[in-house]
Peer 1: 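Here's a structure for you.
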Amino acid sequence: MEKSVLIVDDHPSFRASARRMLEADGYEVVGEAEGGRAALTAAERLRPDLVLLDVRLPDIDGFEVARRLLDANVRTPQIVLISSQDSIDLGEAIGASGARGFIPKSELSAGAITSLLR
Amino acid sequence: MTNLRRAQIGLAVLAFVIGIGVLLVVINGEHNTHRGAYAALSLGIGWGFIGTGLYVWRRRPGNNIGPLMTAVGFSGFLKALAFSNSSVVFTIGSLGGVLIYAFLVHLLLSFPSGQLKGPLDRLLVVVTYVNTTVVQLAAFVFTDPAKAGCAHCPANPLLINHSKAAVVINAAQMDIAIALLGAVVAVLYRRWRGSTPSQGRAYAPVLAVGSLTFMLLMTELIVEQANLSSTLADGLTLALFGSIACLPFAFLVGLLRSRFGHAEAISSLVGRLGGGEGRGALRNALAEALGDPTLQLAYWVPDRDAYVDAEGRPRRVDPAPKGKIATTIDHDGRRIAAIVHDADLAGERDLVQAVGAAAALTLENERLDAELRAHIDELRASRARIVTAGYAERRRLERDLHDGAQQRLMALGINLRLARDRIERDPRQTAELLDASLQELSEATGELRELGRGIHPAVLSDRGLDAALKGLAGRAPVPVELVQTPDDRLPSSVESAVYFVVAEALTNVARYAQAQTAKVSVVRRNGQVEVQVSDDGVGGADPEQGSGLRGLSDRVSALDGRLDLTSVAGEGTIVRARIPCG
């Protein structure tokens, strides 16, 4: 069964590339959101299996979005954090967020996501 | 000849004629026991006050003392009409004659500035005027001169026979008058005690004779009210007339001493200026000379078209604080400072000016000092703003990089990785991915170029101001006419400042001006570069709003230049910058 994905990133060109990459590898992209609040609304409505979540968003940052998604008393999605920054720059916040893992945008591929979720 | 001068000459002629008339009235007055003395004293009071009043009025047209003294003189003549045998003239004199006391109270309380000094002064003067007009009329209509002790006086044509009312109103008027006179003497004494030594010497003759006059009047009223000896009352009245007749001369002496006082104040000031040290010394010396401990100084800074205090902080003098007046001090035809002093000194502006002129050199030195402090403060603030703006600019660059080119390059990476995986299985999709990647690459390159231009335009370094400004004009959404640019290259810091002034001004034209066209001119002359960007838009821009213009102003100030904005609503906007360029 295809895994459903919600892509959260404020840059349209990046979202388009990520969608192309995920769909090529058999993921079903059920929605896109360009900010933290929009992501929370979309996740509640679409119930995706996976949220590909950018850390730096214009309204609420990705760590806070991850915390709220995981705090919800419903089926929680798996969360993969992404960023154009390195994991060293983000430090312990990644682990504290409760996300499944972190992939730098420069290394993002469907294979990297699959390995992380395995 | 001015209208005032003509009026004063007219009053002098009128005073002479009325004086002759009054002389005849008093000499022929049948109910007058000391005709000669009263005739001489009435003339002395009338002509004395009018003569000195007109002299003071001429010398100090802005001071009320002259007009008030003249009014006292004429009311003195009015009072003398009560010696007339004619019932009508006697009535006029009796009714209006007491006005002299109201004018005297007003005159003494406002000496020497011509201004009343507070609510108590105003209250005393108003009550005195009411007591000598309204109450006097009420008292007179119930007064029968024959019953009031003047058997030979003409009849009162306004008489209403009501002895009880006459007693009550007369007693009330006298009680009010006695209380008022007591209060006025107390105020005058307190004023004399509170004056500086030089002021005290000027006040002394006026306040002494004035207080004596009021005390005599008070005693006369008490004697009259108590129906004591008529001989004593006659003697007191004569003494009172004599005292009033001396008053103009007391005023002359006071004014003369006031002039000597001015000279003394200036001489003392000059002495103190030599020895004073520290920033407050000049203020203290001026405060002492003018007898105003609340005095403040404000120094004129021509660059700013504004005043600053000794610390270089902005200071508003127009309008002056409540109860204060600002007197401007010039030196060699240039404004250098303003003395903000008590409004009580309004009638002593010539003294303030004289003291200011005596201190002009020291004021100019302190002005230069204050101007320097103001510039240092401005530089400090400007430096802090430049540093803050630098950090803000770094944050903006990082954000622009992150949101723009960096994201495109990330997307490009994803596309290329996907293309690499698909190249054998699906060449067609791979070609599409490579097309998308090329598009991302082109967009990223464009954004990086724009970003680079914002940091420092390469064309400015490589090809100079003319080419860089043509580029700005070409990219502007509003048509821009490049009127003039310098032929030669300028120092790179100046070129850079000029470029960013024009860039920011054109950005503002596009954003806010609603203009049809804009013009840019950059001219190098007289050792400086003059930049002007004008538009035909709506105008009304506020130079205080927006950090862009302030940032530019700081950038220009850092090169010792100056940025000005002229933006009248409906008349477009002009941004001018002048930057030294030797």
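Naming convention: chains lettered A, B, ... in sequence-line order (proteins, then strands); numbering from 1 in each chain.
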Peer 1: Count the heavy atoms of every other residue, nucleotide or ligand shown that sit under 6.0 Å from CD of E34(A), and state whether that count exceeds 12.
Peer 2: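 Check fails, neighbour count at 12 or below.
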
Peer 1: Is a donor from one side chain sitting under 3.5 angstrom from an acceptor on the other, for Q406(B) and K105(A)?
Peer 2: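 Short answer, no.
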
Peer 1: Please check if the number of heavy atoms outside E481(B) that lie under 6.0 Å from its CD is greater than 12.
Peer 2: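 Correct, the count exceeds 12.
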
Peer 1: Does atom CZ of R489(B) have more than 12 heavy-atom neighbours from other groups under 6.0 Å away?
Peer 2: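 Atom CZ in R489(B) is packed in, count exceeds 12.
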
Peer 1: Check whether any side-chain heavy atom of E432(B) sits under 4.5 Å from a side-chain heavy atom of R20(A), and report yes or no.
Peer 2: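 No, every pair of side-chain atoms sits at 4.5 Å or beyond.
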
Peer 1: Out of Q439(B), E398(B), Q429(B), return the one with the most heavy atom pairs under 4.5 angstrom to chain A.
Peer 2: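 Heavy-atom pair counts peak at E398(B).
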
Peer 1: Should we count CD of E64(A) as having more than 12 external heavy atoms under 6.0 Å?
Peer 2: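 Result for CD/E64(A): enclosed.
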
Peer 1: Quick check: closest heavy atoms across S84(A) and H402(B), and the distance to 0.1 Å?
Peer 2: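 Heavy atoms of S84(A) and H402(B) come nearest at OG-CD2, 3.1 Å.
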
Peer 1: Would you check if H11(A) and R408(B) make a side-chain contact, meaning some heavy-atom pair closer than 4.5 Å?
Peer 2: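 Touching, per the 4.5 Å side-chain cut-off.
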
Peer 1: At a 4.5 Å cut-off on heavy atoms, which part of E107(A) comes close to chain B: side chain, backbone, both, or neither?
Peer 2: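 For E107(A), the backbone is the part near chain B, not the side chain.
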
Peer 1: Which bit of R420(B) is near chain A, if near means a heavy-atom gap under 4.5 Å: side chain, backbone, both or neither?
Peer 2: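 Contact with chain A: none, neither part.
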
Peer 1: Please check if atom CZ in R511(B) has more than 12 non-hydrogen atoms from other residues, nucleotides or ligands closer than 6.0 Å.
Peer 2: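 No, CZ of R511(B) has 12 or fewer neighbouring heavy atoms, counting only those of other groups under 6.0 Å.
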
Peer 1: State whether a side-chain donor-acceptor pair under 3.5 Å links S13(A) with E440(B).
Peer 2: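 Short answer, yes.
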
Peer 1: Drop me the distance from N415(B)'s CG to F14(A)'s CZ, to the nearest 0.5 angstrom.
Peer 2: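 Answer for the CG-CZ pair, N415(B) versus F14(A), is 10.0 Å.
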
Peer 1: Sort out for me which of L418(B), D426(B), L433(B) touches chain A most, counting heavy-atom pairs under 4.5 Å.
Peer 2: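 The residue among L418(B), D426(B), L433(B) with the greatest pair count is L418(B).
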
Peer 1: Got D9(A) and Q407(B) here, is their nearest side-chain heavy-atom distance under 4.5 Å?
Peer 2: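 D9(A) reaches Q407(B) side chain to side chain.
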
Peer 1: Between R422(B) and D25(A), what is the shortest heavy-atom contact and its length?
Peer 2: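 For R422(B) and D25(A), the tightest heavy-atom pair comes out as NH2-N, 4.2 Å.
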
Peer 1: Taking atom CZ as the centre, does R463(B) end up with more than 12 heavy-atom neighbours from other residues, nucleotides or ligands that are less than 6.0 angstrom away?
Peer 2: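 Counting neighbours around CZ of R463(B), 12 or fewer heavy atoms of other residues, nucleotides or ligands fall under 6.0 Å, so no.
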
Peer 1: Side chain of R417(B), backbone of S109(A): donor and acceptor closer than 3.5 Å?
Peer 2: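 Checked: no pair found.
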
Peer 1: Look up atom CZ in R19(A) and atom CD1 in I414(B), then write down how far apart they are to the nearest 0.5 Å.
Peer 2: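 One finds 13.5 Å between CZ of R19(A) and CD1 of I414(B).
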
Peer 1: Tell me whether the count of non-hydrogen atoms from other residues, nucleotides or ligands lying under 6.0 Å of CD in E393(B) goes above 12.
Peer 2: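 More than 12 heavy atoms, drawn from other residues, nucleotides or ligands, come within 6.0 Å of this atom.
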
